[in-house]
Amino acid sequence: MGECEDSEEYRCWEELLPDALGLIFRNLPLQEVLTVLPRVCKSWGRVVAGPYCWQEIDIEEWSQQQSKPEQIGRMVELLVGRSGGSCRRISVSGLPCDPLLSFIGDHARALRALEIPRSEISDSIVETVAPRLSNVTFLDISSCTKIGARALDAFGKHCKSLVGLRRVMHPIDLADKECQHDEAHAIACSMPKLRHLEMGYMLITTEAVAEILGQCRELKFLDLRGCWAVDDKLLRERHPGLRVLGPRVEDCYENSFWEECSDYSDDDDDSIYSWEFMDDGDGYYAGVGSDDEAIWDDGQGLENLEVRFYGGGFSESFAGFDWPPSP
């Protein structure tokens with residue numbers, strides 16, 4: 001860092017308020033936040049170890065690339081724990097078990113946006129945890145195949161301020177299902193304040209959607225891509241102010257969403273992904289890095305790992321996922 005100059009032209013970075021540093025650090029890759037910044041100076045290390053960087057936790061891209069579910073669990077526990085209960089948004093793909101959702105409910109009660117697509121959670125754990133998530137206003141439970149109407153009803157009854165729901169499925173998720181009218185009924189009965197609803201590829205009919213529109217009077221955007229049994233023309237005639245996307249799929253399948261493991265080619269220098277954890281002999285630095293290092297002590301290293309934190313949650317202009325074209 002160097003010594004500060006005795007001039008108004010220069011100011012010490014380490015003297016910035018922790019909240020300001022947290023906002024700055026949030027724009028850096030997770031790799032650098034957890035392993036590089038704590039080595040710069042003790043004040044930066046304290047910011048990284050505290051809640052300032054973790055009011056929004058977005059590790060969805062990173063979690064999609066993990067082959068071992070326990071790595072996702074340990075990262076969630078580490079970052080949510082560091083947030084000190086102040087986390088407002090969590091975005092992670094594939095929570096591997098019920099206890100992790102319970103952990104989030106216990107340690108992130110200020111949560112406003114919960115985005116956990118493709119998670120292995122059950123109806124029973126949602127019914128238990130939902131009362132602790134009463135501040136949630138946006139929920140993404142896309143492709144969570146082990147939950148259904150019971151979970152949706154629990155979220156709706158306890159998340160009274162819920163205005164955005166993303167329940168987008170993939171055709172593969174629904175191979176053994178005949179319909180999801182019970183889920184549509186749960187949405188209609190328990191989520192009257194919805195303004196943004198994505199139901200792509202759900203097995204529902206026009207009547208099920210009509211029930212939702214009859215109860216959710218504030219709805220402004222409805223994603224029905226892939227819902228082939230829905231008559232969108234009738235919906236548009238009855239609800240001219242409603243923006244409807246689908247059922248016909250106009251866009252292309254986003255291969256990167258499912259298949260890409262890295263934004264970088266194989267020709268890149270692998271050394272930039274090797275996270276060198278702190279081992280300076282200083283007790284403070286060792287303490288800051290110990291939890292981080294434990295996540296990766298299985299010897300895999302951190303090749304091809306990069307996570308960025310993106311601000312904001314959802315907007316009505318964001319349609320969500322891209323899916324295969326119409327059959």
Side-chain angles (χ1 to χ4, degrees), residues 51 54-60 63 72-73 76-77 79-95 97-144 146-169 183-184 186-199 202 212 215-223 309-316 318 320-321:
W54 314 115
Q55 294 181 17
E56 292 191 12
I57 299 173
D58 186 347
I59 56 173
E60 181 173 0
S63 57
I72 297 175
V76 169
E77 290 177 351
L79 301 185
V80 172
R82 288 190 175 187
S83 74
S86 65
C87 184
R88 298 190 302 267
R89 175 178 177 243
I90 294 176
S91 179
V92 55
S93 177
L95 288 181
C97 58
D98 284 351
L100 269 183
L101 183 62
S102 183
F103 179 86
I104 291 172
D106 288 336
H107 296 85
R109 300 202 178 196
L111 204 61
R112 302 296 298 274
L114 178 63
E115 303 165 38
I116 49 172
R118 291 171 296 282
S119 291
E120 299 292 319
I121 57 174
S122 65
D123 286 324
S124 58
I125 193 63
V126 171
E127 290 173 333
T128 301
V129 174
R132 300 175 233 162
L133 300 172
S134 59
N135 292 314
V136 168
T137 61
F138 177 70
L139 178 66
D140 183 354
I141 46 174
S142 299
S143 291
C144 294
K146 293 184 177 181
I147 62 174
R150 285 172 53 194
L152 286 166
D153 184 67
F155 277 126
K157 286 182 177 178
H158 296 285
C159 304
K160 300 293 188 181
S161 301
L162 193 67
V163 296
L165 173 66
R166 184 178 295 144
R167 178 62 168 159
V168 178
M169 308 302 288
E183 293 192 20
I187 292 171
C189 294
S190 65
M191 304 179 184
K193 294 184 179 180
L194 281 182
R195 297 201 301 264
H196 181 109
L197 176 59
E198 299 180 29
M199 306 174 69
M202 287 185 65
I212 292 174
Q215 299 295 327
C216 305
R217 303 297 182 88
E218 300 179 30
L219 202 61
K220 302 296 183 184
F221 175 83
L222 180 61
D223 182 356
F309 289 83
Y310 298 94
F314 72 96
S315 66
E316 292 181 0
F318 176 66
F321 301 90

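Put simply, CD on E115 and CD1 on I141 are 12.5 Å apart, with the number rounded to the nearest 0.5 Å. To the nearest 0.5 Å, atoms OG (S102) and NE2 (H107) are separated by 9.0 Å. Here S122 contributes atom OG and R150 contributes atom CZ; the two are 7.5 Å apart, rounded to the nearest 0.5 Å. Taken to the nearest 0.5 Å, the CD1 atom of I147 stands 7.0 Å off from the CD1 atom of I116. If you take CD1 on I90 and CD on E60, they are separated by 13.0 Å, rounding to the nearest 0.5 Å. The CG atom of D123 sits 8.5 Å away from atom CG of L152, with the distance rounded to the nearest 0.5 Å.
Distance alone, capped at 3.5 Å, places no donor-acceptor pair between the S91 side chain and the D58 backbone. A distance-only check finds no donor-acceptor pair linking the side chain of S143 to the backbone of R118 [under 3.5 Å]. R88 places no side-chain N or O within donor-acceptor distance of the main-chain N or O of E56, the cut-off being under 3.5 Å. Side-chain N or O atoms of R112 include one that pairs as donor or acceptor with a backbone N or O of N135 at under 3.5 Å.
For the pairing with S63, the side-chain contact (heavy atoms from CB on, under 4.5 Å) check across S119, S93, P117 returns one residue only, S93.
Few gaps surround CZ on R132; more than 12 heavy atoms of other groups in view lie less than 6.0 Å from it.
Inter-residue side-chain proximity for M191 and L197 is flagged as unmet; no heavy-atom pair is nearer than 4.5 Å. Using a 4.5 Å cut-off on side-chain heavy atoms (C-beta onward), I104 and L95 make contact.
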Taking distance alone, no hydrogens or angles, what donor-acceptor pairs closer than 3.5 Å link side-chain atoms of residues 153-164 to residues at least two apart or in another chain?
unit_1	atom_1	unit_2	atom_2	d
D153	OD2	K157	NZ	3.1
K160	NZ	K157	O	2.9

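Between V76 and V92 the shortest heavy-atom distance is CG2-CG2, 4.1 Å. For L219 against R195, the heavy-atom pair with the smallest separation is CD1-C, 3.6 Å. Nearest heavy-atom pair, A149 versus A186, reported as atom, atom and distance to 0.1 Å: O-CB, 3.7 Å. The shortest non-hydrogen separation linking L165 to I187 is CD2-CD1, 3.7 Å.
No salt bridge links K193 with E218; every basic N to acidic carboxylate O contact stays at or beyond 4.0 Å.
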* **Candidate pair H196 and D223, rule side chain to side chain contact (heavy atoms under 4.5 Å, CB included), full reasoning** => CA-CA 8 Å; H196 181 109; D223 182 356; over 6 Å; no
